[in-house]
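Report on the structure given below.
Here, residue 1 is the first one in the sequence, and each next residue gets the next number. As a basis for the values below, the full set of heavy atoms in this structure was taken, side chains included, without hydrogen atoms, waters or symmetry mates.
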Amino acid sequence: MSDRETQPVERQLPTDEARDLLALVRDIAQREIAPKAAEEEDAGRFPREVFTLLSEAGLLGLPYDPEHGGGEQPYEVYLQVLEELAAARLTVGLGVSVHTLASYALATHGTKQQQVEHLPAMLGGGLLGAYCLSEPSSGSDAASLRTRAVRDGDDWVLNGTKAWITHGGIADFYTVMARTGADGPRGITAFLVPGDAEGLSAAAPEKKMGLKGSPTAQVHLDGVRVADERRIGEEGQGFAIALSALDSGRLGIAACAIGVAQAALDQAVSYATERRQFGHPIADFQGLRFLLADMATQIEAGRALYLAAARLKDAGRPFAKQAAMAKLHCTDTAMRVTTDAVQVLGGYGYTADFPAERYMREAKVLQIVEGTNQIQRMVIARHLAGPESR
């Protein structure tokens with residue numbers, strides 16, 4: 001309804017380079033992503049050309065070593081890039097976060113030879129990754145996964161099904177957790193599987209409530225043969241690698257959530273300052289002004305929380321508890337703020353003519369992916385009170 005210009009978020013960035021980077025990201029978001037977001041989400045179209053552009057701009061490997069095509073940016077900066085991308089379109093912000101997650105195992109636990117051979121293409125060569133941990137019968141209980149890898153000479157043969165895989169069916173590489181030993185977390189190993197490997201296939205994408213442009217699918221591994229040189233880390237180290245990756249990935253989800261919430265707030269403010277009732281803009285009414293103030297405060301608190309966790313990570317300090325807190329708080333905030341944005345727009349908020357209803361549908365999945373918010377509460381409680389006694 002309104003063409004009111006929204007102001008960029010006021011950000012505290014550590015360097016001039018970071019400020020230039022965020023300006024570049026905002027420009028790409030406004031020119032190449034946001035204008036097509038509603039139409040393409042409605043059509044369920046994945047914007048592969050946008051990810052090619054982001055790769056060419058050096059935005060798909062920001063937190064990684066520049067020796068292999070990364071951007072050597074601290075998480076404090078990388079996460080704010082994700083927030084800007086998610087505000088323009090969650091499919092893009094979440095896609096960059098998942099790609100970064102899929103690259104994590106090789107970037108942090110791969111051998112020097114593996115990194116030299118694979119990382120340049122993964123981080124800056126136009127490739128797109130997927131992260132394969134969950135299965136149809138093991139979601140929150142990830143350590144009970146059943147996909148198995150059996151040694152056959154210098155190769156491993158993988159069989160099983162992965163579920164809820166973002167970029168399933170379109171990814172160029174899959175970081176796959178498979179069982180190579182006994183039951184439990186110590187029997188799991190990580191593998192880098194090419195997207196065109198023989199025996200790898202994907203089911204039809206899930207029909208989702210939101211985030212329709214981002215394909216989510218089961219990935220089937222039917223006798224997929226992978227050379228031992230594509231094993232990442234030691235045998236049995238895969239689950240530890242997976243959990244370490246998720247600590248960082250949860251910060252990515254938190255940043256994406258704040259991006260969606262910020263977009264919803266901007267929409268609500270824009271509407272409220274233009275929509276007139278009883279002779280006044282509805283933004284003049286105290287009840288609505290207080291609602292907008294609460295939305296903005298929740299967003300600022302969430303942003304501060306995920307940045308505090310990022311700065312711990314950048315300093316090399318433990319941050320798992322803070323990552324869980326950030327994921328919990330920011331995604332719950334996104335759900336509240338987007339719901340309130342729909343309410344601000346009234347009947348218009350319930351229509352697809354405005355993006356508020358899309359933001360609300362998209363916010364819901366962020367409370368579920370990369371560990372439900374109930375799991376985040378368990379993680380936080382374990383840091384506070386120790387493991388459950390049972």
(message) When you group the ILVMFWY residues by side-chain heavy-atom contacts below 4.5 Å and let the links chain together, are Met122 and Tyr104 in the same group?
(response) yes
(message) In the structure I gave you, are the side-chain heavy atoms of Asp20 and Glu17 within less than 4.5 Å of one another anywhere?
(response) no
(request) Could you state whether Leu13 and Leu312 fall into the same hydrophobic cluster, counting links through intermediate Ile, Leu, Val, Met, Phe, Trp or Tyr residues with side-chain heavy atoms under 4.5 angstrom apart? (result) yes
(message) Could you tell me if the side chain of Leu101 sits less than 4.5 Å from the side chain of Ser248, heavy atoms only?
(response) no
(request) For the residue pair Tyr174 and Pro194, establish whether any side-chain heavy-atom pair is separated by less than 4.5 Å. (result) no
(message) Taking Leu53's backbone N and O only, do any of them form a donor-acceptor pair with Glu56's side chain (distance below 3.5 Å, no angle check)?
(response) no
(message) Could you check whether Arg377 pairs with Asp332 (Lys NZ or Arg NE/NH1/NH2 to Asp/Glu carboxylate O, under 4.0 Å)?
(response) yes
(request) Using only heavy-atom distances, determine whether the side chains of Gln322 and Tyr306 contain a donor-acceptor pair under 3.5 Å. (result) no
(request) Spell out, as yes or no, whether a donor-acceptor pair under 3.5 Å connects the side chain of Arg361 to the backbone of Met209. (result) yes
(message) So Glu198 and Arg225, do their side chains get closer than 4.5 Å, heavy atoms only?
(response) no
(request) Spell out, as yes or no, whether a donor-acceptor pair under 3.5 Å connects the side chain of Ser97 to the backbone of Gly93. (result) no
(request) Supply the atom-to-atom distance Glu362 CD to Lys212 NZ, rounded to the nearest 0.5 angstrom. (result) 10.0 Å
(message) Before you tell me yes or no, could you show the steps for Thr100 and Tyr78 under side chain to side chain donor-acceptor pair (under 3.5 Å), namely the whole-Å CA-CA distance, both residues' side-chain angles and the distance that decides it to 0.1 Å?
(response) CA-CA 10 Å; Thr100 304; Tyr78 158 69; 3.1 Å; yes
(request) Answer yes when Arg336 and Asp340 have at least one side-chain N-carboxylate O distance shorter than 4.0 Å, and no when they do not. (result) no
(message) With a 3.5 Å distance limit and no angle check, can you tell me whether Arg179 reaches the backbone of Leu145 through a side-chain donor-acceptor pair?
(response) yes
(request) To the nearest 0.5 angstrom, please state how far the CG atom of Leu288 sits from the CD atom of Gln343. (result) 9.5 Å
(request) Count the heavy atoms of every other residue, nucleotide or ligand shown that sit under 6.0 Å from CZ of Arg146, and state whether that count exceeds 12. (result) no
(request) Answer yes or no: is there an ion pair linking Glu41 with Arg89, defined by an N-O contact shorter than 4.0 Å? (result) yes
(message) Is there a path of hydrophobic side-chain contacts, each under 4.5 Å between heavy atoms, that joins Ile258 and Val25?
(response) yes
(message) On a heavy-atom basis, which atom in Pro281 and which in Arg276 lie closest, and how many Å separate them?
(response) CD-NH1, 3.5 Å
(request) Measure the shortest side-chain to side-chain distance between Met378 and Glu388 over non-hydrogen atoms and say whether it is less than 4.5 angstrom. (result) yes
(message) Between Asp172 and Leu128 (side chain of the first, backbone of the second, donor and acceptor by atom type, cut-off under 3.5 Å), is there such a pair?
(response) yes
(message) In terms of relative ring orientation, are Phe51 and Phe46 parallel, tilted or perpendicular, with 30° and 60° separating the classes?
(response) parallel
(request) Check for a donor-acceptor pair, side chain of Gln115 on one end and backbone N or O of Ala107 on the other, with a separation under 3.5 Å. (result) yes
(message) Return the CD1 to CD distance between Ile380 and Gln376, rounded to the nearest 0.5 Å.
(response) 6.5 Å
(request) Run the salt-bridge test on Asp228 and Arg231 with the 4.0 Å N-O cut-off and return the result as yes or no. (result) yes
(request) Determine, step by step, whether Lys112 and Glu67 satisfy the salt bridge (Lys or Arg N to Asp or Glu O under 4.0 Å) criterion, reporting the C-alpha distance in whole Å, the side-chain angles of both residues, the deciding distance to 0.1 Å, and the verdict. (result) CA-CA 11 Å; Lys112 187 69 173 179; Glu67 180 183 356; 2.8 Å; yes
(request) May I have the step-by-step check of side-chain contact (heavy atoms from CB on, under 4.5 Å) for Ile375 and Arg250, ending in yes or no? (result) CA-CA 12 Å; Ile375 291 294; Arg250 285 165 181 164; 4.3 Å; yes
(message) Ignoring hydrogens and geometry beyond distance, is a side-chain donor-acceptor pair present between Lys162 and Ser134 at under 3.5 Å?
(response) no
(message) If you count every heavy atom of other residues, nucleotides or ligands that lies below 6.0 Å from Phe285 atom CZ, does the total exceed 12?
(response) yes
(message) Working to the nearest 0.5 angstrom, can you tell me the gap between Phe191 CZ and Thr180 OG1?
(response) 6.0 Å
(request) Would you please indicate yes or no on a ring centroid separation below 6.0 angstrom for Phe173 and His167? (result) no
(message) On a heavy-atom basis, which atom in Glu357 and which in Ala352 lie closest, and how many Å separate them?
(response) OE2-CA, 3.8 Å
(request) Considering only NZ, NE, NH1 and NH2 on the basic side and carboxylate oxygens on the acidic side, decide whether Arg303 and Glu300 come within less than 4.0 Å. (result) yes
(request) Answer yes if the side chains of Asp294 and Gln298 hold a donor-acceptor pair under 3.5 Å, and no otherwise. (result) no
(request) Please assess His118 against Leu106 for the test side-chain contact (heavy atoms from CB on, under 4.5 Å), listing each intermediate value before the final yes or no. (result) CA-CA 8 Å; His118 300 295; Leu106 192 70; 3.5 Å; yes
(request) For residues Asp222 and Ser201, determine if any side-chain heavy atom of one lies less than 4.5 Å from a side-chain heavy atom of the other. (result) no
(message) Could you measure the distance from the OG1 atom of Thr175 to the NE2 atom of His99? Nearest 0.5 Å is fine.
(response) 9.5 Å
(request) Could you tell me whether Glu84 and Arg11 make a salt bridge, using a distance below 4.0 angstrom between a side-chain N and a carboxylate O? (result) yes
(message) Walk me through whether Leu133 and Leu246 qualify under side-chain contact (heavy atoms from CB on, under 4.5 Å).
(response) CA-CA 10 Å; Leu133 176 62; Leu246 285 175; 3.9 Å; yes
(message) Distance check, rounded to the nearest 0.5 Å: Tyr75 atom OH versus Lys313 atom NZ?
(response) 5.0 Å
(message) Does atom CD (Gln12) have a neighbourhood of more than 12 heavy atoms from anything else shown, all under 6.0 Å?
(response) no
(request) Would you confirm whether Thr147, through its side chain, and Gly160, through its main-chain N or O, come within 3.5 Å as a donor-acceptor pair? (result) no
(message) Just so I know, are the side chains of Pro63 and Gln73 near enough to count as touching, which here means a heavy-atom distance under 4.5 Å?
(response) no
(request) Check whether any side-chain heavy atom of Cys256 lies under 4.5 Å from a side-chain heavy atom of Glu83, and answer yes or no. (result) no
(request) Check the hydrophobic clustering (I, L, V, M, F, W, Y; side-chain heavy atoms under 4.5 Å; chains of links allowed) and say if Ile299 and Leu305 are grouped together. (result) no
(message) Quick one about Asp247 and Ser244 (side-chain donor to acceptor, distance below 3.5 Å, no hydrogens or angles considered), yes or no?
(response) no
(request) Could you check Ser144, Ser138, Ser137 and say which one makes a side-chain hydrogen bond (donor to acceptor under 3.5 Å, both in side chains) with Asp141? (result) Ser144
(request) Please confirm whether the backbone N or O of Gly249 pairs with a side-chain atom of Lys327, one donor and one acceptor, at under 3.5 Å? (result) no
(request) State plainly whether the residues Arg358 and Asp42 are in salt-bridge range, i.e. N to O under 4.0 Å. (result) no
(message) Under a 3.5 Å distance rule, please check whether Thr351 uses its side chain to pair with a backbone N or O of Tyr348 as donor and acceptor.
(response) yes
(request) Determine, for Glu235 against Arg186, whether the closest basic-nitrogen to carboxylate-oxygen distance falls under 4.0 angstrom. (result) no
(request) Over all heavy atoms of both residues, which pair between Pro136 and Ala163 is shortest? Give the atoms and the distance, please. (result) N-CB, 3.6 Å
(request) Could you tell me whether Arg31 atom CZ has more than 12 heavy atoms of other residues or ligands within 6.0 Å of it? (result) yes
(request) Answer yes or no: is there a donor N or O on one side and an acceptor on the other, between the side chain of Thr297 and the main chain of Ala293, under 3.5 Å? (result) yes
(message) Hydrophobic cluster membership, with links at side-chain heavy-atom distances under 4.5 Å among I/L/V/M/F/W/Y: are Met177 and Ile165 in one?
(response) no
(message) Working note: Leu59 + Ile28, criterion side-chain contact (heavy atoms from CB on, under 4.5 Å); need CA distance, chi angles, decisive distance, verdict.
(response) CA-CA 11 Å; Leu59 299 176; Ile28 292 174; 4.1 Å; yes
